[in-house]
Amino acid sequence: MCGIVGAVAQRNVVPILLEGLQRLEYRGYDSAGLVVIQDGQLQRERSTGRVADLRLKTTGTHGTLGIAHTRWATHGVPSERNAHPHLSNNLIGVVHNGIIENYESLRTRLSAAGYVFTSDTDTEVIVHLIHSHYKNGASLLDATRTSLTELIGAYALGVIAVDNPDQLICARRGSPLLMGVGVGEHFIASDVSALLPVTNRVIYLEEGDVAEIERQSYRIFNASGAEVTRPVQVSKISNESVSLGTYRHYMQKEIHEQPQAIADTLESVCNSTSIIPGIFGAEAAASFDAVNSILILACGTSYHAGLVARYWLEEIAGIPCTVEIASEYRYRTSVPNPKALVVVLSQSGETADTQAALNHAMALGHVHTLAICNVAESALVRLAKLRFLTRAGPEIGVASTKAFTTQLVALFLLTLVLAKQRGRLTEAQERQHLNDLRHLPAATQKVLDLEPKIAKLAEQFATKQHALFLGRGMHYPIALEGALKLKEISYIHAEAYPAGELKHGPLALVDKDMPVISVAPNDVLLEKLKSNLHEVRARGGELFVFADANTHIRSEDGVHIMQMPEHAGYLSPILHTLPLQLLAYYVALQKGTDVDKPRNLAKSVTVE
Ligand code: G6P
């Protein structure tokens, strides 16, 4: 989703802006642009396509104040004229992330006042609005603040004026934005990774904050206009953790980081023989005592993690659980149960639908709320009463991998805490589960060692148009996740079904051109799954089975078995995710797609 970078410095900021944009590429975008003040003029360059194209266009551009943007089209097609920054009368420049809901009425008003619109974007109303106040004598800060009172919607903004070459104004409401603090220079960005080459000292702006930034100083005002102090924090994200190293793609790197990410996420329990509610926050014990059901809200891959958790929560903790797609829940008339624990799952913590769903739940009277999230400073973490931070580290590839498996680890911990509180866990069982969790990093590493075999298997998918994924029980959501990964990055149409549903429809599609990928853990449903696989084979379908060590399913003509190193019991969904991630990755390599930045998709969907 859109990315913003801005800088006010004593040196030329164009390389800083370009490097920042490049580092925000993973968020997803279709065009990019920047504007600096050069020789007393606003010097703007924009291009559709990659930041690399913008770099070529800006070889002669320089300036000590500038703002830059990667755009993900919402209002208006991806094109150069719609790319940011937008300008008003060659005086004001603006970059914007978010959506302005009342842009049509503002556009009508501003057009009547003589403003000529040169794009189809909602953003252009902001720049003309600021201009309309600025030309009447308001300071840039006040012109921006007055304009914000007229906007309905979400925004993160960077604003500059040509006759004010030492000042950068920024603001946020509903979209992420932070400030970077350097020595004699300051920056803004959508996330910290963009600024790591220049500083790791950051200020996380809060909802409704507006800041006036100069080289040596800055002032921050809160939503009610009062000047406030926000802490300068030293980001723990290192430059190294966002660099590719020897890997070919971030997705590959992040798949391989899973043993470490899981180990880090388990840190709070690594040396203990028992598990306590406090790992979810100081008030967790009281909340967990008060609740009688769980409502999980999430989008995309995070939603799939929620679906797995439902099996665990009901079976191990004996607590009713529903899982809902956030964008559906927020608009549905549901029957609230104030005694439910609302759990929001999100890698980024900035997904607009998940935020809106949590706000909706709170408006309905839900008071017990928990965010399981990978970004400590995110909106969701701030909003929820309880929190658990997964420790996956920055995830750059658009297709989520290590964030998913660490979410599962967090959800399993939640299951254990709730089971224990409900008297459903003996000490011996608790110890066993904790031992199994501690073994996970080693177990996931063994699965990753299958990589060369999976890469070979993937060659058979190069010419396929469709694929069907099957799973049963708690592995059905893993089949969903495998299908999602494959379609996201290889553009092969993939669907997932609970294997028992095969004969109620999808079997009609099975022929030699439709590969069927099945997750076959060694559990109570194995024999049933084997019958489903026979149904496929009998129709000429080619089978690719990820089978546990002693499932006794053998490779034969048309049946390709990938033997998993071990069976992990309840934690098996985590292990079975890995080969499906690798399969999607290697099929995408076969297809030659842009693995880390698949077409039309964004990492962090901060608009509805
Ligand atoms: C986007 C990403 C997915 C992600 C989903 C939810 O669609 O491309 O990878 O699963 O958003 O994101 P969240 O940050 O809330 O987990």
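When a ligand or atom number is given, it counts from 1 through the structure's own listing order.
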May I have the N/O to N/O pairs between ligand 1 and the protein that fall below 3.5 Å, each with atom names and distance to one decimal?
residue  : atom   : partner : partner atom : Å
ligand 1 : 8 (O)  : A602    : O            : 2.9
ligand 1 : 9 (O)  : V398    : O            : 3.1
ligand 1 : 10 (O) : T301    : N            : 3.0
ligand 1 : 12 (O) : T351    : OG1          : 3.3
ligand 1 : 14 (O) : S346    : OG           : 3.2
ligand 1 : 14 (O) : Q347    : N            : 3.3
ligand 1 : 14 (O) : S348    : N            : 2.8
ligand 1 : 14 (O) : S348    : OG           : 2.6
ligand 1 : 14 (O) : T351    : OG1          : 3.3
ligand 1 : 15 (O) : S346    : OG           : 2.6
ligand 1 : 15 (O) : T351    : OG1          : 2.5
ligand 1 : 16 (O) : S302    : OG           : 2.6
ligand 1 : 16 (O) : Q347    : N            : 2.7

**OP:** Using side-chain contact (heavy atoms from CB on, under 4.5 Å) as the criterion, list what pairs up with Q22, not counting sequence neighbours.
**Re:**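 If we apply the side-chain contact (heavy atoms from CB on, under 4.5 Å) test to Q22, skipping adjacent residues, the hits are E25, V51, R55.
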Original post:
Mind checking what makes side-chain contact (heavy atoms from CB on, under 4.5 Å) contact with S47, not counting sequence neighbours?
Top reply: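 By the side-chain contact (heavy atoms from CB on, under 4.5 Å) rule, S47 matches D53, L54, K57.
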Subject >> Neighbour count >12 (heavy atoms, 6.0 Å) for atom CZ, R332 >> reply: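 Atom CZ in R332 is crowded, with more than 12 foreign heavy atoms closer than 6.0 Å.
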Original post:
Roughly how far apart are I203 CD1 and F187 CZ, rounded to 0.5 Å?
Top reply: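 I203 atom CD1 to F187 atom CZ measures 12.5 Å (nearest 0.5 Å).
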Original post:
Is the closest side-chain donor-acceptor distance between S293 and K339 under 3.5 Å?
Top reply: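 K339 and S293 do not have a side-chain donor-acceptor pair below 3.5 Å.
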Original post:
Applying salt bridge (Lys or Arg N to Asp or Glu O under 4.0 Å), which residue pairs with at least one partner in residues 296-309 are found, sequence neighbours left out?
Top reply: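 Every candidate salt bridge (Lys or Arg N to Asp or Glu O under 4.0 Å) pair involving residues 296-309 fails, so no pair, neighbours aside, qualifies.
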